[in-house]
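Here the structure comes first, spelled out in structure tokens, and everything after it is commentary.
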Protein chains: 2
Amino acid sequence: MKTVSRVFNHEPNVRPETRAKVEAAAKALNYRPNPSARSLAGHRSYLIALAYDNPPGHYIMDLMSGVVDACETAHYSMMMRPVDYDSHSHVDVIAECVGQYAPDGILLVPPLTDDAALLARLAEAGTRLAFVSPLDAQARVGARMDERAAVRELMAHLVALGHRRIAHVKGRRDHGATEWRLAGYRDGLRAAGLAYDKSLVIPGEFSFESGSAALQALLALDAPPTAIFAANDDTAAGVMHAALARGLRVPDDLSVCGFDDQPMARQLWPSLTTVRQPVAAMGRIATEQLLLSIRDASAGTMVEVPYALSLRDSTGPVPTRAGRRR
Amino acid sequence: MKTVSRVFNHEPNVRPETRAKVEAAAKALNYRPNPSARSLAGHRSYLIALAYDNPPGHYIMDLMSGVVDACETAHYSMMMRPVDYDSHSHVDVIAECVGQYAPDGILLVPPLTDDAALLARLAEAGTRLAFVSPLDAQARVGARMDERAAVRELMAHLVALGHRRIAHVKGRRDHGATEWRLAGYRDGLRAAGLAYDKSLVIPGEFSFESGSAALQALLALDAPPTAIFAANDDTAAGVMHAALARGLRVPDDLSVCGFDDQPMARQLWPSLTTVRQPVAAMGRIATEQLLLSIRDASAGTMVEVPYALSLRDSTGPVPTRAGRRR
DNA sequence: CTGTTAGCGCGTTCAT
DNA sequence: ATGAACGCGCTAACAG
């Protein structure tokens, strides 16, 4: 009997005893459905692609482990599709991937989530999409976090420590994260009754190097900041490294904080105050929603995950003039 | 005509003009072979699995990017198979993966490379294997590096700086890396005419935490070391963090070095002296060799890749007694 | 609720 | 050197 197909696909309309009989036989024969045959006959690939831009470092590792988790329980497999966003080849690369492997869904990570050309190309291919932290509020399937509110809280922490001159090193252009974190920074200033001083806002790249460079620029100011909120942990690491190299003490002379809470944040010295983003959970959740929307195009939602502040040793009370060294 | 098959498989015995005709037609029709159908009819999956134990952090990211590279040019796809080595479920998990997806090959990463039970199970399944940094010198296909020689050189660097009491924080049990790095450490001592003092050799786990713990133990010694070689960068980060937290200056009071040259190594303060291991290249090369051995069981070799020392700021001259603080 | 029938798109014979 | 027929293991659509 080929009712086995129904059993393995968890379809309804199978008498429990029949189902049990099939399952027993399957176990006895050590039967395992052949993925290729399933795909071929079912016009589905049981494959989802994780498309991302190279740089992000540990972020992708964490995200991936969540995606793998979700795929596994759904008997899907995952393929990695790294692309170079800056080379502008990424649209073709991803389209090629779709053409060749026909994944049932694609999980997009910033900044790919908001690339109009890419989205247009993918829309015409008809592949289901899910988004991690998309800038576009329209994105219907995926996972996000209220980064703006998180930064607002982080800023309140700095203000409570007495800081009044707080700088911000921004993230890369075209990332939603860059906008939200900047917005949270401005919210934080406003809530504390502080003016927005654009000389305290330095462009950045989400990179260690841009953090170091930003610190040099900030120290050259007539009135340097006493605290710096860097747009992510890598940038914060660059800021701290440069500060320590110039003989400043953190947090005695300068407070520094980041965003992401990568493992590195605990390991820096001093350990970094940052915002914990549950990246693995976001990968898992976004994938689950993607799988739902694959089964039923109208299913799947954008799930908001909670953040948490990780207050560590890189932030402290504002230095008094007397206590300042060098 | 179904000679197209021959063309797409790069088989011989096709007249050049026929081949050209087929290729032209394929391009015109935007024809792309269907991977599922290929797999089903050809009894191959065109899939290779990357099996690894969770902890390794950035290492797997780098390795993966090399593996993806190699797979892509060979029109293979890669699947990630993370396992929990300590839970002892890993053999079943990997066997399950083989049963379900029948990958044409599996790339093993330490410590899976040397797990006898796993290798036995995989051997009976008949899947082709490739190894990254296997302990077993018999492993015939994959990529490795002369870690022992690398550490020997690193030790020579410390000795040249005047260090005589050099400690070592070991890696996890069952890792080839742990043995080689220890052997290199002993080689280095021997070359400098220094005695092996087992109180200076502390167990570790390749983790930040084990590095911190090791530092505490070493400082409790009557004659603490002036330099510490940690078995990897994570461990070294833990050592440095704990040292700085205790008020020691690196490298003025204590020199520290690691192994791997992960991106983090540049970003620590002070930046970390370490051994550069070309992980991405190893992933690519091991995959290439695996693919060769899939086509022809007798093909594929173990390729040795070169190392390089990254001498940075965490190592310096041995402190004079007078210069020592606290 | 369950069995039957026909392909899915390609590799693999075997003729030609 | 090339074409025709068959079948890989499964799902889909229907018939019972």
Side-chain angles (χ1 to χ4, degrees), chain A residues 1-48 74-77 96-105 125-128 291 294-297, chain B residues 1-47 74-77 96-105 125-127 291 294-297:
Chain A
M1 3 177 176
K2 303 296 182 184
T3 309
V4 294
S5 178
R6 285 194 249 277
V7 173
F8 278 92
N9 290 330
H10 305 95
E11 282 176 31
N13 298 349
V14 178
R15 205 188 309 160
E17 50 186 279
T18 315
R19 180 182 300 272
K21 218 186 307 179
V22 171
E23 283 171 349
K27 216 166 304 168
L29 297 173
N30 193 245
Y31 167 82
R32 338 200 27 75
N34 177 318
S36 303
R38 263 163 83 90
S39 301
L40 183 58
H43 304 283
R44 274 177 282 168
S45 58
Y46 296 95
L47 216 198
I48 84 125
H75 296 282
Y76 262 68
S77 53
E96 172 65 21
C97 166
V98 172
Q100 184 154 22
Y101 295 103
D104 293 340
T127 319
R128 300 260 131 252
L291 292 172
I294 286 170
R295 279 185 215 147
D296 170 0
Chain B
M1 5 173 176
K2 303 294 183 182
T3 308
V4 294
S5 179
R6 284 195 249 278
V7 173
F8 276 90
N9 291 331
H10 306 94
E11 282 174 33
N13 294 352
V14 178
R15 204 185 310 157
E17 51 186 278
T18 315
R19 180 181 299 273
K21 218 186 301 179
V22 171
E23 283 170 349
K27 215 164 307 169
L29 298 172
N30 193 244
Y31 167 83
R32 335 196 35 70
N34 177 319
S36 303
R38 262 165 85 90
S39 301
L40 183 58
H43 305 282
R44 273 176 283 168
S45 59
Y46 296 94
L47 216 199
H75 297 283
Y76 262 67
S77 52
E96 171 65 21
C97 166
V98 172
Q100 184 155 21
Y101 295 103
D104 293 340
T127 319
L291 292 172
I294 286 170
R295 279 183 215 150
D296 171 0

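In what follows, chains carry the letters A, B, and so on, assigned in the order in which the sequence lines appear, proteins first and then strands, with residues in each chain numbered from 1.
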_Minimum side-chain heavy-atom gap B:S77-A:Y101 below 4.5 Å_ = yes
*Given C:dT12, D:dC8, D:dC10, which nucleotide is nearest the side-chain atoms of B:A41?*
D:dC8
_Spacing between A:L29 atom CG and D:dG9 atom P, to the nearest angstrom_ = 14 Å
*Please report the shortest heavy-atom distance between A:P103 and A:T127, naming the atom on each side.*
O-CG2, 3.5 Å
*To the nearest 0.5 Å, how far apart are CG in B:L291 and NE2 in B:H75?*
11.5 Å
*If you look at every heavy atom in B:R32 and A:E96, which pair is closest and at what distance?*
NH2-OE2, 2.5 Å
_Does D:dT11 have OP1 or OP2 under 4.0 Å away from a side-chain N or O of A:R38?_
yes
*C:dC10 C1' sits how many Å from B:H43 NE2, rounded?*
11 Å
*Protein-nucleotide distance (A:N34, atom CG; C:dG9, atom P), rounded to Å*: 16 Å
*To the nearest Å, give me how far apart OH (B:Y31) and C1' (C:dC10) are.*
7 Å
*Please state how far atom CG in B:N30 lies from atom P in C:dG9, giving the value in whole angstrom units.*
15 Å
*Would you check if the side chain of A:S45 reaches a backbone N or O of A:D104 as a donor-acceptor pair within less than 3.5 Å?*
yes
*Let me know the distance between CZ of B:R32 and C1' of C:dC10, rounded to the nearest Å.*
15 Å
*In whole angstroms, how far is the P atom of D:dC10 from the CD atom of B:Q100?*
12 Å
*Atom CG of A:L40 and atom P of D:dA12: how far apart are they, to the nearest Å?*
12 Å
*Does any N or O in the side chain of A:S39 come within less than 3.5 Å of the main-chain N or O of A:R44, such that one atom is a donor and the other an acceptor?*
yes
*Between the two ends of the helix from C:dC1-D:dG16 to C:dT16-D:dA1, what is the bend in degrees, rounded to 10 degrees, where each end axis spans five pairs?*
30°
